[in-house]
Amino acid sequence: MAVKVAVTGFGGRMGRALAEALAQSAAAELSAAIVRPGSSLVGADAGEMAGLGKLGLPIVGALEEAEFDVLIDFSTPAATLANAAFCAEQGKPIVIGTTGFTVEEKERLLQAAERIPLCLASNFSTGVNLCFQLLQMAARVMGEDADIEIVEAHHRHKVDAPSGTALSMGEVIADTLGRDLSQVAVYGREGQTGARERDTIGFATVRGGDVVGDHTVMFLADGERVEISHRASSRLSFARGAVRAALWLVGEAGGHGQQPAPGHYDMRDVLGL
């Protein structure tokens, strides 16, 4: 019997990609498509909205109207906080791909993980999570002798910067080197900035066009540099990873048939990295 998966933020690009990924899955099915209350999409067929043909599944405007085993949430910080609280009350696991949380919001969000399995990741693609492992290795080998810069590019509609993935890359590097990212991060440069301090980690942001997501981390030493890059050409890579995480949270994929205990997990846990 297929795992019932509800998707919030269904009117967005990721909502449609998740519907496609679920349609391709033999182990999971779309059981609820959720948009914000009052949306003109409420009542429309979820399959037709996603370009998959008629599914007979009407889009709803409230999570309370949904039937599901696990929720996938790519929406907004405020909506995700409310959805995580609802899932905690109902004992339902949640996969979260929303980014842009403040420190306080993230602390509030993770309170739900005390009651349910919660997978929070800035990026659900297999390739990006492999890059996290490569960045740890590069930081151990070159981090003390290289200047580290992170460049990311996304489509013109992305509202937060730097991207959650870029920040996660910075956190992986800073943690490996024993640094506090909040103290060493430099977000853009302008004017007479002075010589670069070796311990800093620089971030540069590009927004434009329909770029799905490009990330490059540079380790720049005297005489040589190493670059670790990931380029996404389709949101389907993120969606497939999120579906994989949803199945893992209910014990259907990589969990040896057992649901993980309540707690905070990320995509590297799902992949066994």
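Note that the numbering runs from 1 along the sequence shown for the chain.
Between Thr80 and Leu109 the shortest heavy-atom distance is CG2-CD1, 4.0 Å. Taking each heavy atom of Arg189 and Gly202 in turn, the nearest pair found is NH2-CA, 4.0 Å. When all heavy atoms of Ala112 and Ala88 are compared, the pair lying nearest together is CB-CB, 4.1 Å. Residues Asn129 and Asn123 come closest through the heavy atom pair ND2-O, 3.1 Å. His155 and Val212 get closest at one heavy-atom pair: CD2-O, 4.5 Å. A pairwise comparison of heavy atoms in Gly97 and Phe124 identifies CA-CE1, 3.6 Å as the closest pair.
Once rounded to the nearest 0.5 Å, the distance linking CZ of Arg36 with CG of Leu41 reads 7.5 Å. Atom CG of Leu57 is separated from atom CE of Met49 by 13.0 Å, given to the nearest 0.5 angstrom. Asp45 contributes atom CG, which lies 4.5 Å from atom NZ of Lys54 (distance to the nearest 0.5 angstrom). Interatomic distance, Ile228 CD1 to His215 NE2, rounded to the nearest 0.5 Å: 14.0 Å. Between Glu107 atom CD and Phe101 atom CZ the span is 13.0 Å, to the nearest 0.5 Å.
Under the 4.5 Å side-chain heavy-atom criterion for Ile, Leu, Val, Met, Phe, Trp and Tyr, Met218 and Ile201 are members of distinct hydrophobic clusters. By the criterion of side-chain heavy atoms lying less than 4.5 angstrom apart, applied directly or through intervening Ile, Leu, Val, Met, Phe, Trp or Tyr residues, Ile34 is grouped together with Leu81 in one hydrophobic cluster. Hydrophobic clustering (ILVMFWY, side-chain heavy atoms < 4.5 Å, transitive): Leu249 and Leu120 are in distinct clusters. Linking Ile, Leu, Val, Met, Phe, Trp and Tyr whenever their side-chain heavy atoms come within less than 4.5 Å puts Tyr187 and Ile173 in one cluster. Connection of Val5 to Met267 is established within a shared hydrophobic cluster, with ILVMFWY side chains joined at heavy-atom distances below 4.5 Å, either directly or through further cluster members.
The local environment of CG in Asp210 is sparse, with at most 12 non-hydrogen atoms from other residues, nucleotides or ligands closer than 6.0 Å. Heavy atoms from other residues, nucleotides or ligands lying under 6.0 Å from CD of Glu64 number more than 12.
Ring geometry, Tyr265 versus Trp248: the interplanar angle exceeds 60°, so the pair is classed perpendicular (tilted spans 30 to 60°).
Taking the charged nitrogens against the carboxylate oxygens, Glu144 and Arg179 do have a contact shorter than 4.0 Å, which makes a salt bridge. Taking the charged nitrogens against the carboxylate oxygens, Glu152 and Arg207 do have a contact shorter than 4.0 Å, which makes a salt bridge. Salt bridge Arg225/Glu149: absent, no basic N to carboxylate O contact under 4.0 Å.
Between Leu30 and Phe10 the shortest side-chain heavy-atom distance falls below 4.5 Å. Looking at heavy atoms from C-beta onward, Pro77 lies in side-chain contact with Thr98 at the 4.5 angstrom threshold. Between Phe203 and Leu167, some side-chain heavy-atom pair lies under the 4.5 Å cut-off. Between Arg235 and Leu18, every side-chain heavy-atom pair lies at or beyond the 4.5 Å cut-off. The shortest distance between side-chain heavy atoms of Asp69 and Met1 does not fall below 4.5 Å. Residues Val186 and Glu197 form no side-chain contact, since every pair of their non-hydrogen atoms from C-beta on lies 4.5 Å or further apart. Within the 4.5 Å cutoff, the side chain of Val7 has heavy atoms near those of the Leu22 side chain. Annotation: side chain of Thr165 is not in contact with side chain of Thr99 (no heavy-atom distance under 4.5 Å).
The side chain to side chain donor-acceptor pair (under 3.5 Å) search around Ser168 returns Ser122, not counting sequence neighbours. Remark: Gln111 engages no residue in a side chain to side chain donor-acceptor pair (under 3.5 Å) (not counting sequence neighbours).
Panel note: side chain Thr176, backbone Arg140; no donor-acceptor pair is recorded below 3.5 Å.
Each side-chain hydrogen bond (donor to acceptor under 3.5 Å, both in side chains) pair with one or both residues in residues 7-19, not counting sequence neighbours, appears once here: Thr8-Asp73, Arg13-His157.
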